[in-house]
Student: 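Take this structure first; my questions come after.
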There are 2 protein chains.
Amino acid sequence: MNFLEERIQKDGIVKEGNVLKVDSFLNHQMDIELFDQIGAEFQKRFAGKPINKILTIEASGIGIACMTAKHFHAPVVFAKKSKSINIEGEMYVAEVESFTHKCKNQVIVSKKFLGPDDHILIIDDFLANGCALQGLISIVTEAGATLEGIGITIEKGFQAGGRIIRNLGYHLESLAIVDAMDPQTGHITFRSQD
Amino acid sequence: MNFLEERIQKDGIVKEGNVLKVDSFLNHQMDIELFDQIGAEFQKRFAGKPINKILTIEASGIGIACMTAKHFHAPVVFAKKSKSINIEGEMYVAEVESFTHKCKNQVIVSKKFLGPDDHILIIDDFLANGCALQGLISIVTEAGATLEGIGITIEKGFQAGGRIIRNLGYHLESLAIVDAMDPQTGHITFRSQD
C-alpha cells in the first residue's frame, strides 16, 4: 500500500451504499502535510509534461490542487458551480450532475484564464461516475487548451468514471483506486498499481 | 505598499458599485506563490499563538487557508455552505447572508473537527460586511474553542465588517485594507498599517 492507501485504510470510514467517508483528512478537515505528499506524487507521475496550469472544481478539489500547484510552480484555476455576479464577460460552461447532492449544476470558468496556449493538469479529490471530470474536460476542450493529464486522489474503481476516461485515451493517474469496500468489516480493497 | 497591496493595485480591477475584481490572482485563478507569501505573513502576524487549526469557508477561502496552514503545520477545516448527504451526525450550524450571491446559506462544520481543545485561526479571502466571518465566529464559540485570531486577505475598509469585529475585541489582521476605490481612474486607496 502507498501512503494514501494506508491513510484511507486507517482513517476512512466505509458506510452502506458505497460511501467512503474521508472527511477527517481529505474533504472537510484537510491534512496539509498529506496534501503536500499528494502534490509531490502527482509531480512525479506527470514529470516532464509542460504543465502550466492546474484546473480543479470547487470546493473540495481546491486544497489538493493548491498543494499540487506548489510542486508545479503553476497557478490554479477552479471551476465555479454557479454564476456569481462578480464574474462577468465570457465564460466556458459545462453541465455537471452531482451524485452527492443529487442535482445538476452549471460549472463555469472565465475565458480569461484558459486558452489555446495552456497545458492543463486537472486535479480533483474523487472520481466515481466521472460527471464532474467530464465537465472539466469539456471546458478544456472548448478552450482549445491541451489536457496533459488528470490527477485524482481517490477513484472508486467499481464505478464507471475512471474506465471511461482511460478508454478515451486520457492520461489518468489515481493515487488510490478502491475496487471494493465492506461496510461490515470496514475493509477496503485497493487495485494494485505496481 | 506591501506585496499584496502592490499586486491589488497592479492586477485588481475596480468596478462600479464598490466591486473589486481580483479573480486573476485570488478567487478564480489563484497565484500559489502569492498565497505562500500571504501564508508566511499571517504566520508572522500571529506568531507565538498556540494555533492548532485553521478554519475557513468554501470556496475561495480554501486555497489561502491551505497555503497558510502549511506555515502553521496545522490542518484546515472548511465550513460547508449546504448540507451534504455525505456529512452526517452532529454539526455546528450558522446562518450566513451572502452579499455576492444575494441569498442566505447555512454553513456547517462537523462537531468531530472542532472542540474545546482547539485554538483557531480563521482565514478568509475577503471581509466586507462580515456576515460570513460572524458565522464562523459563532461556530467557534459554539464549539467552545479558543479563537486566537482572524486573518483576512483583503478588507473593504469602507464597509462595517472589520470595524465591528475589532470593536468586539478580536485580533483581526487584514493584509490589505481598501478604504476607497475609484472606478473611473482605477485608483485604490489603502489604509496605512504602519
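The chains referred to below are lettered A, B, ... by the order of the sequence lines, with proteins before strands, and numbering in each begins at 1. All values derive from a computational prediction rather than experimental measurement.
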Student: According to a 4.5 Å side-chain heavy-atom criterion applied to Ile, Leu, Val, Met, Phe, Trp and Tyr, with indirect links allowed, do M91(A) and L114(A) form part of one hydrophobic cluster?
Tutor: no
Student: Once rounded to the nearest 0.5 Å, what's the spacing between atom CD1 of I32(A) and atom CZ of F72(B)?
Tutor: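 With rounding to 0.5 Å, CD1 (I32(A)) is 13.0 Å from CZ (F72(B)).
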Student: Quick check on A74(B) against chain A: is it the side chain, the backbone, both or neither that has a heavy atom closer than 4.5 Å?
Tutor: backbone
Student: Can I154(B) be reached from I62(B) by stepping across I, L, V, M, F, W or Y side chains whose heavy atoms are under 4.5 Å apart?
Tutor: yes
Student: Pick whichever of A65(A), S24(A), A79(A), S60(A) has the most heavy-atom pairs under 4.5 Å with chain B.
Tutor: S24(A)
Student: For A59(B) and E58(A), work out which heavy atoms get closest and say how close.
Tutor: CB-OE1, 3.0 Å
Student: Atom SG of C66(B) and atom CD1 of I64(A): how far apart are they, to the nearest 0.5 Å?
Tutor: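 That separation rounds to 9.0 Å.
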Student: Treat each ILVMFWY residue as a node, draw an edge where side-chain heavy atoms are under 4.5 Å apart, and state whether L127(B) and I164(B) are in one component.
Tutor: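 In one cluster: yes.
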Student: If hydrophobic clusters are built from ILVMFWY residues whose side chains come within less than 4.5 Å, do I152(A) and L136(A) share one?
Tutor: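 The answer is yes; both residues are in one hydrophobic cluster.
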Student: Measuring from atom NZ of K70(B) to atom CD of E33(A), what distance do you get when rounded to the nearest 0.5 angstrom?
Tutor: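 If we round to the nearest 0.5 Å, K70(B):NZ and E33(A):CD are 9.5 Å apart.
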Student: Below 4.5 Å, heavy-atom pairs only: which of V77(B), V76(B), V109(B) has the largest tally toward chain A?
Tutor: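 Top option by heavy-atom pairs under 4.5 Å: V76(B).
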Student: Check the hydrophobic clustering (I, L, V, M, F, W, Y; side-chain heavy atoms under 4.5 Å; chains of links allowed) and say if I123(A) and V96(A) are grouped together.
Tutor: no
Student: Is it the case that the side chains of K53(B) and Q29(A) hold a donor-acceptor pair, with the cut-off being a distance below 3.5 Å and no angle test?
Tutor: yes
Student: Given H28(A) and K112(B), is the side chain to side chain contact (heavy atoms under 4.5 Å, CB included) satisfied, shown in steps?
Tutor: CA-CA 10 Å; H28(A) 186 17; K112(B) 289 185 290 182; over 6 Å; no
